[in-house]
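What follows is a set of notes on a single structure, which appears directly below.
Convention: sequence-line order gives letters A, B, ...; per-chain numbering from 1.
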Number of protein chains: 2
Amino acid sequence: MSTKEKILAEALALFNERGTDVVTVRHIAQAAGMSHGNLCYHYPNTDAIVQSLYNQLVGHINEQITAVATPGFELIAAGQLVAHAMEALYRYRFLLLDFAGIMRRIPAIRDQHQALLKQRGLVFRQLLAYLREAGLMKPELYAGHDEHLLTQLFIVGDFWIASAEWLYEGEAADKLPYYQQVLTALLVPLLTEQGWKQWHEAAEQSRESQT
Amino acid sequence: MSTKEKILAEALALFNERGTDVVTVRHIAQAAGMSHGNLCYHYPNTDAIVQSLYNQLVGHINEQITAVATPGFELIAAGQLVAHAMEALYRYRFLLLDFAGIMRRIPAIRDQHQALLKQRGLVFRQLLAYLREAGLMKPELYAGHDEHLLTQLFIVGDFWIASAEWLYEGEAADKLPYYQQVLTALLVPLLTEQGWKQWHEAAEQSRESQT
DNA sequence: CTATATTTAGAACAAATGTACTAATTTGTG
DNA sequence: CACAAATTAGTACATTTGTTCTAAATATAG
C-alpha cells in the first residue's frame with residue numbers, strides 16, 4: 001500500500017468514527033504512523049483528503065454501474081446496483097453524515113454532487129417511462145407527483161445513512177438490507193399488479209443469490 | 001430583549017448561516033455586541049447555547065401541538081400542524097444540517113431526539129389505525145411495510161432541510177410548501193378512494209385559508 | 001557508484017480557541 | 001443612600017491547529 005493509500009484509508013476510518021470537523025492532519029498522521037509534516041507533503045490539508053475520498057467513492061459507484069449495466073433494463077440488475085451503491089455509500093458514510101459542513105467548506109464537492117443528482121434525475125425519469133411503457137407502473141397519481149417522488153428518492157437515498165447511524169435498532173447485519181427495503185418501498189405502492197408480480201420474482205431471486 | 005435572548009437570537013442566525021462547527025463564543029459575542037467574557041458568564045460554551053436552542057425548538061413545536069390539538073382527529077388540523085412544525089424546523093435548521101456533529105458532541109440532545117422519535121412513532125401508528133378504521137387508508141401492503149413507511153417519514157421529515165438547502169431550485173417562497181407536499185406524498189398512494197377525496201377537500205380548504 | 005529527485009521527520013511560528021480570572025459597572029433592595 | 005448581588009469588559013494563558021521551512025534519509029536513474 002502506497003503512502004497516499006495508507007493516508008486515505010486511515011483518514012476514512014477516522015472521518016467515519018469522529019467526523020470531519022474534529023479530525024486534523026495531525027490525528028491522521030498519528031493514526032498512519034507518520035509525521036504530520038510528511039502527510040502535508042502528500043495532502044496539504046484535510047479538505048484535499050476529503051476531496052480524494054469523494055472521488056474514490058464516485059469512482060467505485062461508476063465502476064459498478066458499468067459492471068452491472070446490461071442491454072435491456074432488468075429489475076434484478078437495478079436491485080443489485082442499488083445494493084452495491086448503498087454499500088459503497090456506507091463505507092464512505094462520513095461524506096453524508098457531515099454533508100452540510102462538507103458542502104459549505106468544499107465548493108468543488110458541492111458542484112459535483114449537484115451535477116450528480118441532476119444526472120440521477122434524468123436516469124430516474126427514463127426508468128419511470130420504461131416501467132410505464134412495460135405496464136409495470138401506474139400513471140402519475142397527480143400532476144407533479146413524479147417530481148415529489150424523485151425528491152423523496154433523493155432524500156432517502158442520501159440520508160438513510162444518518163438514520164441508520166443514530167436511530168436504527170435492529171441487527172447490524174440487517175442494517176443495509178433494511179434500508180434498501182425502505183428505499184424500494186417508495187416505489188412499491190406505485191406498481192401495477194403486473195409490476196408487483198415482477199418485483200416479487202426479482203426479490204426472490206436476489207434472496208436466492210444471497211444464500 | 002434580555003441578554004440571554006439576544007445571545008440565542010444571534011447564535012441562531014450564525015449557526016444557520018455558517019454551521020455550528022465554525023462558530024465560536026467570540027463570534028457570537030461580537031455579533032451580539034458584547035464581550036466574550038460576558039457571554040461565557042451566561043453560557044459557558046457553544047454547546048450550552050445549542051442545547052438551549054434545541055429546547056426552544058421543542059418548546060415551540062409542543063406549543064403548536066397543544067394549540068392545534070382538537071377532540072376528534074381532523075386531517076386539516078394535521079396538515080396545519082405539519083406546516084407549523086416544518087416552519088419551526090426551518091427556523092432552527094442548523095440543528096438538522098449539522099445533525100451528526102451535534103448528535104456526537106451533545107449526548108443529551110441525542111438521547112432527547114431518540115426519545116422524541118420513539119414518541120412520534122407511537123403517534124403515527126395510532127394515526128394509521130385511525131385512518132384505516134375510518135376507511136381512508138388501504139391495509140398494509142405487505143408485512144413490514146408500515147415500518148418502512150414510518151422510517152421514510154422520519155428520514156424525509158428530518159432531512160428535507162438538507163435537500164432544501166443544497167438542491168432546491170424553485171422560488172424561495174414555495175420552498176416549505178413544496179417539501180410539505182413531498183412529505184405528504186408519502187401517504188397519498190396508500191389512501192383509499194374515500195381517503196383521496198377527503199385529502200383533496202382538506203388541501204382545498206388549506207389553500208383557501210392561505211389567501 | 002554518484003548525482004539527482006523524492007520522500008520523510010521534526011521544528012518553528014502565527015492565529016484561533018476554550019477557559020479562568022480580575023476588576024469595574026450596573027442593578028436591585030432595604 | 002448604602003450595600004450586596006448581578007452583570008459586564010477585558011486580560012491572561014495553555015492548547016490546538018494550519019502552514020511553512022529545513023535538513024536528513026531514501027529511492028531512482030545514468
Side-chain angles (χ1 to χ4, degrees), chain A residues 1-54 56 94-95 97-98 100-110, chain B residues 1-54 56 94-95 97-98 100-110:
Chain A
M1 189 157 53
S2 75
T3 309
K4 276 179 188 283
E5 286 170 343
K6 174 79 175 165
I7 291 171
L8 291 182
E10 295 292 343
L12 177 59
L14 280 176
F15 286 156
N16 281 336
E17 198 181 342
R18 314 244 178 182
T20 45
D21 49 340
V22 298
V23 174
T24 70
V25 285
R26 282 175 166 84
H27 296 147
I28 300 168
Q30 191 180 15
M34 66 180 65
S35 69
H36 72 279
N38 187 17
L39 190 144
C40 289
Y41 169 77
H42 292 284
Y43 296 99
N45 47 49
T46 54
D47 284 0
I49 299 176
V50 170
Q51 175 77 60
S52 276
L53 287 170
Y54 177 82
Q56 269 191 3
F94 80 94
L95 282 169
L97 288 174
D98 298 337
I102 291 173
M103 295 291 258
R104 269 193 290 251
R105 269 211 320 277
I106 312 177
I109 291 186
R110 187 193 59 216
Chain B
M1 188 157 54
S2 76
T3 309
K4 277 179 188 282
E5 285 169 344
K6 174 80 174 164
I7 291 171
L8 291 182
E10 295 291 345
L12 177 60
L14 280 176
F15 286 156
N16 281 337
E17 197 180 344
R18 314 244 178 184
T20 45
D21 47 341
V22 298
V23 174
T24 70
V25 284
R26 281 175 167 84
H27 296 146
I28 300 169
Q30 192 181 16
M34 66 180 66
S35 69
H36 72 277
N38 186 17
L39 189 144
C40 288
Y41 169 76
H42 292 283
Y43 296 99
N45 47 47
T46 54
D47 284 359
I49 299 177
V50 170
Q51 175 77 61
S52 276
L53 287 170
Y54 178 83
Q56 269 192 4
F94 81 93
L95 282 169
L97 288 174
D98 298 336
I102 290 173
M103 295 290 258
R104 270 193 289 253
R105 270 211 319 277
I106 312 177
I109 291 187
R110 188 193 60 215

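- The separation between B/Asp21 atom CG and D/dG18 atom P is 13 Å, rounded to whole Å.
- Side-chain contact between B/Tyr43 and B/Val25 is absent, with no heavy atoms from C-beta onward closer than 4.5 Å.
- Here the options are B/Ile7, B/Asp47, B/Leu8, B/Leu12, the test is side chain to side chain contact (heavy atoms under 4.5 Å, CB included), and the partner is B/Ser52; only B/Leu8 passes.
- Within the 4.0 angstrom heavy-atom criterion, only backbone atoms of the sugar-phosphate kind lie near B/His42; the bases stay farther away.
- With DNA chain D read from its 5' end, the first of the two nearest nucleotides for B/Arg26 and B/Lys4 is the one closest to B/Lys4.
- The side chain of B/Ser35 lies closest to D/dG10, out of D/dT20, C/dA9, D/dG10.
- Nearest nucleotide to the side chain of B/Thr24, out of D/dT17, C/dG18, C/dT7: C/dG18.
- Nucleotide D/dC21 holds its P atom 17 Å from the CG atom of A/Asn38, rounded to whole Å.
- Taking atom CD1 of residue A/Ile28 and atom P of nucleotide D/dT16, one finds them 17 Å apart after rounding to whole Å.
- Here D/dG10 presents its C1' atom at 14 Å from CG of B/Leu39, a figure rounded to the nearest Å.
- Side-chain proximity of B/Thr3 to the nucleotides D/dT8, C/dT6, D/dT19 is greatest for D/dT8.
- The distance between atom OH of B/Tyr43 and atom P of C/dG18, rounded to the nearest whole Å, is 17 Å.
- The interatomic distance linking A/Gln30 (CD) with D/dG18 (P) rounds to 14 Å, in whole Å.
- Separating the CD atom in B/Glu17 from the CZ atom in B/Phe94 is a distance of 13.5 Å, to the nearest 0.5 Å.
- For a distance-only test at 3.5 Å, the side chain of B/His36 qualifies as a donor-acceptor partner of the base of C/dT19.
- Across the protein-nucleic acid pair, A/Tyr41 atom OH and D/dA25 atom C1' stand 13 Å apart, rounded to whole Å.
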Go through B/Arg104 and A/Asp98 one step at a time and tell me if the salt bridge (charged side-chain N to carboxylate O under 4.0 Å, His left out) criterion holds.
CA-CA 11 Å; B/Arg104 270 193 289 253; A/Asp98 298 337; 2.9 Å; yes
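- Listed candidates were C/dT8, C/dT19, D/dT17. Nearest to the side chain of B/Val25 is C/dT19.
- Side-chain atoms of B/Thr46 and B/Thr20, non-hydrogen and from C-beta on, never get closer than 4.5 Å to each other.
- To the nearest angstrom, C1' of D/dT8 lies 9 Å from CE of B/Met34.
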